[in-house]
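Only heavy atoms go into these numbers, but all of them, side chains included; no hydrogens, no water, no symmetry mates. Everything numeric in this text was worked out from a predicted model, so none of it was measured.
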Amino acid sequence: MILSKKSRYGLRALLDLTVNSKNEHMALNAIADRNGISAQYLEQVFAALRRAGIVKSIKGPQGGYSLNKRPEDITVAQIVLALDGSYSVEKEVTPAGSCISGITETIQRKLLDRVNKQLDDVFTSITLKDLADDYIQNQMEAADMYYI
């Protein structure tokens, strides 16, 4: 399973919005500039996030984007589903009665179903707040380091 560029950029942008917005709306260009993402591409990402109810937008000179829910109520699973539609390893389809259908079913049940369950457990257990807290902690630790 490969996390798409759209999902990776969406996670980065939402983490940036969470950490830097201070409960205010944030211009998409500011998020794009800080993260080295094309503003036009980020507009597409945020349109999908808006449709999913993860962010809300305000138009006008003081407008921008803000989270539509608290960061602790937004999971990685919700974000990836909004942007990619799925994060599961796809099932292999074989014709019924084919000589490999039993093999395929075994691989699906013993391997892929377990991988998908683990992915779901991880993606639903990590929130935007968890990511933001970890990012802030890493930034504080990096600021405390002294180099000679």
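For S125, there are no side-chain contact (heavy atoms from CB on, under 4.5 Å) partners two or more places apart in sequence or in a different chain. Under the salt bridge (charged side-chain N to carboxylate O under 4.0 Å, His left out) criterion, D130 pairs with no residue at all, not counting sequence neighbours. Considering only residues two or more places apart in sequence or on other chains, V115 meets the side-chain contact (heavy atoms from CB on, under 4.5 Å) condition with V89, L111, L119. Listed by chain and residue number, nothing satisfies the side-chain hydrogen bond (donor to acceptor under 3.5 Å, both in side chains) test with K5 (two or more places apart in sequence, or in another chain). Shown here are the side-chain contact (heavy atoms from CB on, under 4.5 Å) partners of T75, two or more places apart in sequence or in another chain: A77, Q78, T127. In terms of the salt bridge (charged side-chain N to carboxylate O under 4.0 Å, His left out) criterion, K56 has no residue partners (sequence neighbours excluded). With sequence neighbours left out, Y135 forms a ring-ring contact (aromatic ring centres under 6.0 Å, His included) with no residue at all. For the side-chain contact (heavy atoms from CB on, under 4.5 Å) test, residues two or more places apart in sequence or in another chain that qualify with N29 are A39.
Residue pairs meeting the salt bridge (Lys or Arg N to Asp or Glu O under 4.0 Å) criterion with at least one member in residues 30-43, sequence neighbours excluded: D16-R34. Applying the salt bridge (Lys or Arg N to Asp or Glu O under 4.0 Å) test to pairs two or more places apart or on separate chains, those with a residue in residues 107-120 are K117-D121. Legend: salt bridge (Lys or Arg N to Asp or Glu O under 4.0 Å) pairs involving residues 66-77, not counting sequence neighbours, sorted by first then second residue: R70-E72, R70-D73. For residues 45-68, the set of pairs meeting the ring-ring contact (aromatic ring centres under 6.0 Å, His included) definition, not counting sequence neighbours, comprises F46-Y65.
A pairwise comparison of heavy atoms in A82 and A48 identifies O-CB, 3.9 Å as the closest pair. The minimum heavy-atom distance between V19 and A132, with the atom names listed, is CG2-CB, 4.0 Å.
Taken from CG in D84 to CD1 in I79, the straight-line distance is 11.5 Å, to the nearest 0.5 Å. The structure places CG of L83 at 7.0 Å from CD1 of I54, a figure rounded to the nearest 0.5 Å. In this structure, OG on S66 lies 6.5 Å from CD1 on I58, to the nearest 0.5 angstrom. In this structure, CG on N116 lies 7.5 Å from OG on S86, to the nearest 0.5 angstrom. Rounded to the nearest 0.5 angstrom, I126 CD1 and T124 OG1 are separated by 9.0 Å. Between the CG atom of L67 and the NE2 atom of H25 there is a distance of 10.0 Å, given to the nearest 0.5 Å.
The environment of K129 atom NZ is sparse: at most 12 non-hydrogen atoms of other residues, nucleotides or ligands sit within 6.0 angstrom.
Two residues are said to be in side-chain contact when any heavy atoms from C-beta on lie closer than 4.5 Å; L131 and T18 fail this criterion. In this structure, V55 and L14 have side chains that are in contact, with non-hydrogen atoms separated by less than 4.5 Å. Between L42 and N35, the closest side-chain pair of non-hydrogen atoms is not below 4.5 Å.
Using modelled atom types, one finds no donor on one side chain facing an acceptor on the other under 3.5 Å when comparing Q44 with Q40.
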